[in-house]
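Just follow the structure's listing: the first ligand is 1, and inside any ligand the first atom is 1. Residue numbers start at 1 and run along the sequence shown. Quantities reported herein were computed from a predicted structural model and do not represent experimental measurements.
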Amino acid sequence: MTVRICLVGAGRAAMVHARSIKEWLPGASAVAVVDPVPEARQKMSDYLGGAPAFESLEQALEAVAFDAVVITTPTFTHRDLAVTAAKAGKHVFCEKPMALTVGECDEMTAAAETPGVNLQVGFMRHFQPEFVAAKERILAGEIGDPMVVKSLTRGPGLPPPWSRVLERSNGMLAEVNSHDFDAVRWLMGSDIARVYAEAVNFKQISHGITEKDFYDVAVVSLRFQSDGVGTIDGACPAEYGYDSRVEILGSKGLIVIGEMQGQPLVVANSREVGLVSPIFKTWPERFKWGYIAEMLHFVESIVNGTTPSVGGLDGRKAVEAVVAANRSWQEERPIRIPQDGA
Ligand SMILES: NC(=O)c1ccc[n+]([C@@H]2O[C@H](COP(=O)([O-])OP(=O)(O)OC[C@H]3O[C@@H](n4cnc5c(N)ncnc54)[C@H](O)[C@@H]3O)[C@@H](O)[C@H]2O)c1
């Protein structure tokens, strides 16, 4: 069986998944593309060897037979697209952040309860080899009970214009740090119970960004239901490269995930300069194997009739924590999860 996929959205993330499907997944084929921007859908169609391209998901549903959608559109469109696809009986892979609100996540999960419909959320760290190994070692008890987690993600590029508007994206904590909120919960084996966030803005003027409430640096303190504690920090743009590292301190030991060095290469040609070594330049480079493996998992779950290991609940928990963290820096106080009166 070849799993036929319709790419919904043809921007940056779509290209990463299109490449995985085309170059790494013989059991899948991208058979259609949807994007309201003609140049974007044409470029993707060309990359896919002339796959039919449409302005809307509804048009694609009418014109082409496919099994699944890969949604890589701006966050504020995820709910409607996922619900439409799921109600049409299509499996849904939806990029993170799952949606803007917990309510939207619940609507998506309810729609995906249609029999024979899978919902997977794009948290590729669950499939990235060093993260998988860390989780296995924690589960094996190698560091004892997880007590403290420190997770950071910093990205070099300016986020797309739509994601600079807080109401349409939930800002950097969603766009960049959704992965951290998800990964700390997964690695600690516990839900986040309270957050306190500080968000600040260092580069808005120098980068010509005019959107109100834009922030480019944030630090979030975390308290888990397990009584573990932690921090998440984010910065975007961080001109020096793409940086994602996690440290988990347990009652018996420590695990450190990730490094800054993008390749095992060191150049030494000047004792004044010292050692020179490549850094990860981009997120597709840093998480290359995670992106391929998550798409393989999505396809295999469809073929085997199994439930994806990263689904609506994981997406919802990350959105819940992001929304609470935004509320925290806006109201200058810690916020409990689930939120009182939210
Ligand atoms: N997993 C990751 O590491 C990762 C990395 C980057 C982006 N993302 C996520 O992917 C999503 C898209 O981000 P991006 O950086 O690719 O954005 P982007 O702006 O590069 O691309 C989004 C594309 O979606 C199209 N679009 C808008 N509305 C649409 C609709 N209703 N139907 C079809 N297409 C539509 C736009 O025209 C655009 O081409 C976001 O949710 C983002 O958080 C995830």
S.K.: Do Arg4's NZ or CZ and the ring of Phe66 fall within the cation-pi criteria of under 6.0 Å and 45°?
M.R.: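 Negative - Arg4 is either too far from the ring of Phe66 or too far off its axis.
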S.K.: Can you sort out which atoms of ligand 1 are near Val37, meaning under 4.0 Å from one of its heavy atoms?
M.R.: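 It comes down to these atoms of ligand 1: 37 (O).
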S.K.: Would you tabulate the side-chain donor-acceptor contacts of residues 26-40 under 3.5 Å, counting partners in other chains and residues two or more places apart, or write 'none'?
M.R.:
unit_1	atom_1	unit_2	atom_2	d
Asp35	OD1	Val37	N	3.0
Asp35	OD2	Ala10	N	2.7

S.K.: Between Asp35, Thr282, Val176, which one has a non-hydrogen atom sitting closest to atom 23 (C) of ligand 1?
M.R.: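 Among Asp35, Thr282, Val176, the closest heavy atom to atom 23 (C) of ligand 1 comes from Asp35.
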S.K.: Which is closest to atom 8 (N) of ligand 1 by heavy-atom distance: Arg125, Met44, Met15, Lys96?
M.R.: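 The option holding the nearest heavy atom is Lys96.
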S.K.: Given 3.5 Å as the limit, does a donor-acceptor pair link the side chain of Ser328 with the main chain of Ala324, or not?
M.R.: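 Not a single qualifying donor-acceptor pair exists.
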S.K.: Tell me which one of Ala10, Ser56, Pro74, Pro38 gets a heavy atom nearest to atom 27 (C) of ligand 1.
M.R.: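 It is Pro74 that holds the nearest heavy atom.
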S.K.: Check the orientation of Trp283 and Tyr291. Use parallel for under 30°, tilted for 30 to 60°, and perpendicular for over 60°.
M.R.: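 Correct class here is perpendicular.
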S.K.: Are the aromatic ring centres of Phe127 and His297 under 6.0 angstrom apart?
M.R.: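 Between His297 and Phe127, which both carry aromatic rings, the centre distance is below 6.0 Å.
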S.K.: What residue and heavy atom of the protein are closest to atom 16 (O) of ligand 1, and at what distance?
M.R.: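 Residue, atom and distance for the closest contact: Ala13 N, 2.9 Å.
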S.K.: Using only atom types and a distance under 3.5 Å, with no angle test, would you say the side chain of Gln120 pairs donor to acceptor with the backbone of Glu294?
M.R.: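 Yes, because the side chain of Gln120 sits within donor-acceptor range (under 3.5 Å) of the backbone of Glu294.
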S.K.: Under the criterion salt bridge (charged side-chain N to carboxylate O under 4.0 Å, His left out), I'd like the reasoning laid out for Asp233 against Arg154: C-alpha separation, chi angles, the key distance, then a yes or no.
M.R.: CA-CA 8 Å; Asp233 95 58; Arg154 301 172 191 146; 3.1 Å; yes
S.K.: Give a yes or no on whether the ring-centroid distance for Tyr215 and Trp329 is below 6.0 angstrom.
M.R.: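 Yes; Trp329 has its ring centre under 6.0 Å from that of Tyr215.
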S.K.: Who's the nearest protein heavy-atom neighbour of atom 26 (N) of ligand 1, and how far?
M.R.: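 It is Pro36 CD, 3.7 Å.
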S.K.: Would you check whether Trp162 reaches within less than 4.0 Å of ligand 1, judged by its heavy atoms?
M.R.: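 The answer is yes, since Trp162 has a heavy atom less than 4.0 Å from ligand 1.
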S.K.: Which atoms of ligand 1 are found less than 4.0 Å from any heavy atom of Thr75?
M.R.: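 Once the distances to Thr75 are compared, the set is 41 (O).
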S.K.: Looking at Asp180 and Arg125, does any basic side-chain N land under 4.0 Å from a carboxylate oxygen?
M.R.: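 Judged by the 4.0 Å cut-off on N to carboxylate O distance, Asp180 and Arg125 do form a salt bridge.
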S.K.: Give the residue, atom name and distance (to 0.1 Å) of the protein heavy atom nearest atom 31 (N) of ligand 1.
M.R.: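 Sorting protein heavy atoms by distance from atom 31 (N) of ligand 1 puts Leu81 CD1, 4.0 Å first.
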S.K.: From atom 3 (O) of ligand 1, work out which of Tyr291, Phe123, Trp283, Phe54 has a heavy atom at the shortest distance.
M.R.: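 Answer by nearest heavy atom: Tyr291.
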S.K.: At a 4.0 Å cut-off, with the gap strictly under it, does some heavy atom of His78 reach an atom of ligand 1?
M.R.: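 The answer is yes: ligand 1 sits under 4.0 Å from a heavy atom of His78.
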S.K.: Which of the numbered atoms in ligand 1 are below 4.0 angstrom from a heavy atom of Gly9?
M.R.: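 Counting from 1, the qualifying ligand atoms are 24 (O), 33 (C), 34 (N).
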S.K.: For atom 11 (C) of ligand 1, what's the nearest protein heavy-atom neighbour? Residue, atom name and distance, please.
M.R.: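 That would be Thr73 O, 3.3 Å.
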S.K.: Could you check whether atom CD of Glu62 has more than 12 heavy atoms from other residues, nucleotides or ligands sitting under 6.0 Å from it?
M.R.: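 No.
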S.K.: Would you call Asp191-Lys317 a salt bridge at under 4.0 Å N-O?
M.R.: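 Salt bridge: yes.
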S.K.: Looking at the rings of Phe280 and Tyr242, which for Trp means the six-membered one, are their centres under 6.0 Å apart?
M.R.: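 Between Phe280 and Tyr242, the centre distance exceeds or equals 6.0 Å.
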S.K.: Of the protein's non-hydrogen atoms, which lies at the shortest distance from atom 15 (O) of ligand 1, and what is that distance?
M.R.: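 Here the closest protein heavy atom is Arg12 NE, 2.8 Å.
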S.K.: What atoms of ligand 1 come within less than 4.0 Å of a heavy atom belonging to Gly122?
M.R.: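 Once the distances to Gly122 are compared, the set is 1 (N).
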S.K.: Taking 4.0 angstrom as the limit and counting only heavy atoms of Met124, give me the atoms of ligand 1 inside it, by number and element.
M.R.: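 That gives atoms 1 (N), 3 (O) of ligand 1.
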S.K.: Quick one: look up the protein heavy atom nearest atom 21 (O) of ligand 1 and list residue, atom name and how far away it is.
M.R.: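 Ranking protein heavy atoms by distance from atom 21 (O) of ligand 1, first comes Gly11 CA, 3.3 Å.
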S.K.: May I ask you to list the atoms of ligand 1 that are less than 4.0 angstrom from any heavy atom of Pro97?
M.R.: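 Those qualifying, in numeric order: 41 (O), 43 (O).
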S.K.: Any atoms of ligand 1 less than 4.0 Å from a non-hydrogen atom of His179? List them with their elements.
M.R.: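 Atoms satisfying the 4.0 Å criterion: 1 (N), 2 (C), 3 (O).
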S.K.: Which heavy atom of the protein is the closest neighbour of atom 12 (C) of ligand 1, given with residue, atom name and distance?
M.R.: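 The closest heavy atom on the protein side is Thr72 O, 3.2 Å.
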S.K.: Of the protein's non-hydrogen atoms, which lies at the shortest distance from atom 44 (C) of ligand 1, and what is that distance?
M.R.: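 So the nearest neighbour among protein heavy atoms is Glu95 OE1, 3.2 Å.
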S.K.: Would you be so kind as to tabulate the donor-acceptor pairs closer than 3.5 Å made by side chains of residues 46-58, with sequence neighbours excluded?
M.R.:
unit_1	atom_1	unit_2	atom_2	d
Asp46	OD1	Gln42	NE2	2.9
Tyr47	OH	Glu23	OE2	3.4
Ser56	OG	Gln59	N	3.2

